[in-house]
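Just dropping this structure here.
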Amino acid sequence: MPELPEVETTRRGLAPHCTGHRLVRLKVREPRLRWPVPDSAPALVAGRRVDTIDRRGKYLLFRLEGGVTAILHLGMSGSVRVVEHGRAVRLHDHVDFELDNGKVLRFNDPRRFGSLHVTTQPPEAHPLLASLGPEPLSADFAGGYLYQLARGRRVAIKPFIMDSHVVVGVGNIYASEALFMAGIHPNRAAGRIARARLERLVACIQTVLGNAIEMGGTTLRDFTGTNGSPGYFQQTLNVYGRGGEPCRHCGRALKETRLGQRATVYCPGCQR
DNA sequence: ATATGAGCCTGTATGC
DNA sequence: TGCATACAGGCTCATA
């Protein structure tokens, strides 16, 4: 499941294959994604050179010449592989970006929670991106910022940091892990946490995501190969998916609840 | 304004 | 063995 680290790893893996090359053709086999891919999309991108490939939150931005941008979201089951032109398609290979170097960026997404938009506007202005919070690994995401935003908010801290208007890229897994690392109970109201603890939380989010990006790089080193699910999960996770198991820090049994319809695991001893 | 719940979709895991 | 059901996940929209 692509979280921000996987998306960033995907970006890094794709960049050398497509930067500076032309998109010969966009082939949409299955337009029924999260939002239907409009019929006009292929003509908008055809023949344009890829200037850069950037990431905003979990969105990949293919910036093409002439001010056109393709915005790709991997959803939760999506992936992009680099294959040679003419390679047989597999089940759920929904979109091909055919390049002028014989390579194809092939988007596969079984659950079709992903999306593809093509815009001629600056992508920052696109409705999907316009109201996103800061990048978690940027200087804009700081303790003071989070503290100010949390004033008066009664929502629990876990869904608070998973809100993309607050900060992008913190999904269920990393929210759980960062809260454990910071020693904060996931159910605590966001507005009732001391500034110093929120500063610590910011640092923990950055540590968790940063580490995962490093390991994601390891996972996807053979990027044109299988691009299987990340192998670092099981070994790195302290709480996610470990309900009932002993806390690695204090040994108490980890508790599992639901918070906003999301599985939530925490240590009742270490997190307050 | 803030908070909550539904819905999108299908592979995988569970229970009968 | 088969069938039914629950769940996972990010994100937007609708409703309170």
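Per chain, numbering begins at 1; letters A, B, ... match sequence-line order.
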Checklist entry - Are any of the side-chain nitrogens in A:R11 or A:E8 under 4.0 Å away from the carboxylate oxygens of its partner? => result yes
Checklist entry - Which pairs with one or both residues in residues 63-75 of chain A pass side chain to side chain donor-acceptor pair (under 3.5 Å), sequence neighbours excluded? => result A:R22-A:E65, A:D54-A:R63, A:R63-A:E124
Checklist entry - Quick one: A:F160 CZ to B:dA3 C1', roughly how many Å, whole number? => result 13 Å
Item to check | Minimum-distance nucleotide (side-chain atoms of A:R153 versus B:dT2, C:dG10, B:dG11) | outcome: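 Out of B:dT2, C:dG10, B:dG11, the nucleotide with an atom closest to A:R153's side chain is B:dT2.
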Checklist entry - Do A:R111 side-chain and C:dA8 base share a donor-acceptor contact under 3.5 Å? => result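 Yes, a donor-acceptor pair under 3.5 Å.
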Checklist entry - Do A:V82 and A:F97 have side chains that get closer than 4.5 Å, going by heavy atoms? => result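 Not touching, per the 4.5 Å side-chain cut-off.
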Item to check | Identified side chain to side chain donor-acceptor pair (under 3.5 Å) counterpart of A:D96 within the set A:R106, A:K27, A:R87, A:R25 | outcome: A:R106
Checklist entry - Given B:dC8, is OP1 or OP2 found less than 4.0 Å from the side-chain N or O atoms of A:R112? => result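 For B:dC8, neither OP1 nor OP2 has a side-chain N or O of A:R112 closer than 4.0 Å.
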Item to check | Nucleotide C:dA8, atom C1' - distance to CG of A:N172 in whole Å | outcome: 9 Å
Checklist entry - Taking NE2 from A:H92 and P from B:dT12, how many angstroms apart are they, rounded to a whole number? => result 9 Å
Checklist outcome for this item: Test side chain to side chain contact (heavy atoms under 4.5 Å, CB included), reference A:L60, set A:V7, A:L116, A:L105, output is A:V7
Are any protein N/O atoms closer than 3.5 Å to N/O atoms in nucleotides 11-13 of chain C? If there are, list each pair with its distance.
residue, atom, partner, partner atom, Å
C:dC11, OP1, A:H73, NE2, 3.0
C:dC11, O2, A:R34, NH2, 2.7
C:dT12, O4', A:R34, NH2, 3.3

Checklist entry - How many Å lie between OH on A:Y174 and P on C:dG10, as a whole number? => result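 From A:Y174 OH to C:dG10 P: 11 Å.
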Item to check | A:R55/A:E135 ion pair, N-O < 4.0 Å | outcome: yes
Checklist outcome for this item: Overall bend of the helix from B:dT2-C:dA16 to B:dC16-C:dG2 (five pairs an end, 10° steps) is 60°
Next on the checklist: I need the single residue from A:T264, A:D163, A:N187 that forms a side chain to side chain donor-acceptor pair (under 3.5 Å) with A:K158. Which is it?
Outcome noted: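 Looking at A:T264, A:D163, A:N187, the match for A:K158 under the side chain to side chain donor-acceptor pair (under 3.5 Å) is A:T264.
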Next on the checklist: Base, sugar-phosphate or nothing for A:R258? Non-hydrogen atoms, less than 4.0 Å.
Outcome noted: sugar-phosphate
Checklist entry - Looking at A:Y147, does the NZ or CZ of A:R151 lie under 6.0 angstrom from its six-membered ring centre and within 45 degrees of the ring axis? => result yes
Item to check | Interatomic distance where CG belongs to A:L259 and C1' belongs to B:dT4 [whole Å] | outcome: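 That distance rounds to 12 Å.
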Checklist entry - Which whole-number value in Å describes the distance from A:F113 CZ to B:dT10 C1'? => result 9 Å
Checklist entry - Could you walk me through whether A:L179 and A:Y266 pass the side chain to side chain contact (heavy atoms under 4.5 Å, CB included) check? => result CA-CA 8 Å; A:L179 286 167; A:Y266 65 97; over 6 Å; no
Checklist outcome for this item: In whole angstroms, the gap separating P of B:dC8 from NE2 of A:H94 amounts to 17 Å
Checklist entry - Over how many whole Å does the gap from A:L74 atom CG to C:dA8 atom C1' extend? => result 17 Å
